[in-house]
Participant: 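Take this structure first; my questions come after.
Order of listing sets the numbers, starting from 1, for every ligand and every atom in it. Quick note: numbers below take in every heavy atom, side chains included, and nothing from hydrogens, waters or symmetry partners. Nothing fancy with the numbering, it's 1 onward along the sequence. The structure presented is a predicted model; accordingly, all values stated were derived computationally and were not measured.
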Amino acid sequence: RQTGTVETDAEKHDVEYLTPISIGTPPQDLIVDFDTGSSDLWVFSTEMAAKDIKGQAVYDPNNSSTSEKLQGSTWQITYGDGSSSSGDVYLDTVTIGNLTVPNQAVEAAKKVSDEFTDDPNNDGLLGLGFSSINTVQPTPQNTFFDNVKKNLDTPLFTTDLKHGAPGSYNFGYIDPAAYIGNISWTPVDNSQGFWGFTSPGYAVGTETLRNHSISGIADTGTTLLLLPKSIVKAYYSEVQGAQYDSSQGGYVFPCSPTPPDFVFGVNNGIVTVPGDMVLYAPIDSANQNCFGGIQSDTGIGFSIFGDVALKTSFVVFDAGGLQLGWAAK
Ligand SMILES: CSC[C@H](NC(=O)[C@H](Cc1ccccc1)OC(=O)N1CCC(N)CC1)C(=O)N[C@@H](CC1CCCCC1)[C@@H](O)COc1ccncc1
């Protein structure tokens, strides 16, 4: 039985968290975005047109003695932000930290949308959602976690994302030194392939929790905390000078004073998003006005507890118990 840990680096404004992996023999090192909101492991590859590669590292299956083409298999994925990619599939050895999966489906990109080409630091995505939403056809493939979990002490992984500092993903164990207080557990609904859960309510600042069921997903691949419009309006009604700015595509407000905290419930516990984390990023060079880290989930169909929520906590993604655990740190 094994356990593993790997460090993940926050990009500017924590817009995404990038983590090193190795693929093939000899190992080819890439840095990818671990995404609990999707279930494909895809990477930039030598099968892409040179014009679509701008600084990313690429996977070359022909340079790996252990790669084996999955004949006839293809994949195509589109994300919530409209970005997309597609290609074909190889089985090859994938290593994360000290954990190795010998026959992991590695989805080699042939095409990627501009959002990926224009993100030089990101060489691909490693999906940590449920394998039921893997896009490989004709036969969907398992995620790295699904393949490795039989070798783990216990079938779970944890996230410890931080604000502007390296965080970590641990596999197979809960590090008691990584959190304080108790872990609040809540059942997971994986019927849509996501780590879905329902929060019982929320509070703005120091007020008492309001009962308001919020169904959403814990998603490391989404930068912001996307909530129902009514809750977002209630929050920003308590932020001086906050307004919806259609040119920015969200609520903006003066970068000082620090806005109130946002609290959401997890079972009988609470998670506090400090006001200074709601200050997502300045929208002007004078740093006068800031784009909010809390925005509306309109059009998605569920809320998204993205990095703005996750980086406040130590979160346990427990596939064995089909539950999520949230703890302060
Ligand atoms: C409505 S899900 C929006 C979300 N994409 C984001 O959160 C992107 C992430 C990003 C992209 C490029 C550079 C840096 C960060 O970032 C922003 O959208 N923003 C950050 C910057 C900010 N100024 C504006 C808002 C999203 O598709 N996630 C998916 C993974 C994501 C795809 C794009 C690459 C990075 C990983 C995934 O987990 C959720 O998939 C779905 C969610 C709902 N139905 C379908 C799919």
Participant: Leu209, Leu225: one ILVMFWY side-chain cluster at the under-4.5 Å cut-off?
Facilitator: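 No, separate clusters.
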Participant: Classify the ring geometry between Trp42 and Phe116 as parallel (under 30°), tilted (30 to 60°) or perpendicular (over 60°).
Facilitator: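 Aromatic pair Trp42/Phe116 classed perpendicular.
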Participant: What class does the angle between the rings of Phe262 and Tyr202 fall in, given that below 30° is parallel, 30 to 60° is tilted and above 60° is perpendicular?
Facilitator: parallel
Participant: Hey, does the side chain of Asn134 reach the backbone of Ser39 with a donor-acceptor pair shorter than 3.5 angstrom?
Facilitator: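 Checked: pair present.
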Participant: Tabulated below should be the N or O atoms of ligand 1 paired with protein N or O atoms at under 3.5 Å; can you produce that?
Facilitator:
unit_1   : atom_1 : unit_2 : atom_2 : d
ligand 1 : 5 (N)  : Asp81  : OD2    : 3.2
ligand 1 : 7 (O)  : Thr223 : N      : 3.1
ligand 1 : 16 (O) : Thr223 : OG1    : 3.2
ligand 1 : 27 (O) : Gly80  : N      : 3.0
ligand 1 : 27 (O) : Asp81  : N      : 3.1
ligand 1 : 28 (N) : Gly221 : O      : 3.4
ligand 1 : 28 (N) : Thr222 : OG1    : 3.3
ligand 1 : 38 (O) : Asp35  : OD1    : 2.7
ligand 1 : 38 (O) : Asp35  : OD2    : 3.4
ligand 1 : 38 (O) : Asp219 : OD1    : 2.8
ligand 1 : 38 (O) : Asp219 : OD2    : 2.6

Participant: In terms of the angle between their ring planes, are Tyr251 and Tyr244 parallel, tilted or perpendicular, with boundaries placed at 30° and 60°?
Facilitator: perpendicular
Participant: State, without any angle test, whether Thr25 and Thr66 hold a side-chain donor-acceptor pair at a distance under 3.5 Å.
Facilitator: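 Checked: Thr25/Thr66 side chains pair up, N/O donor to acceptor below 3.5 Å.
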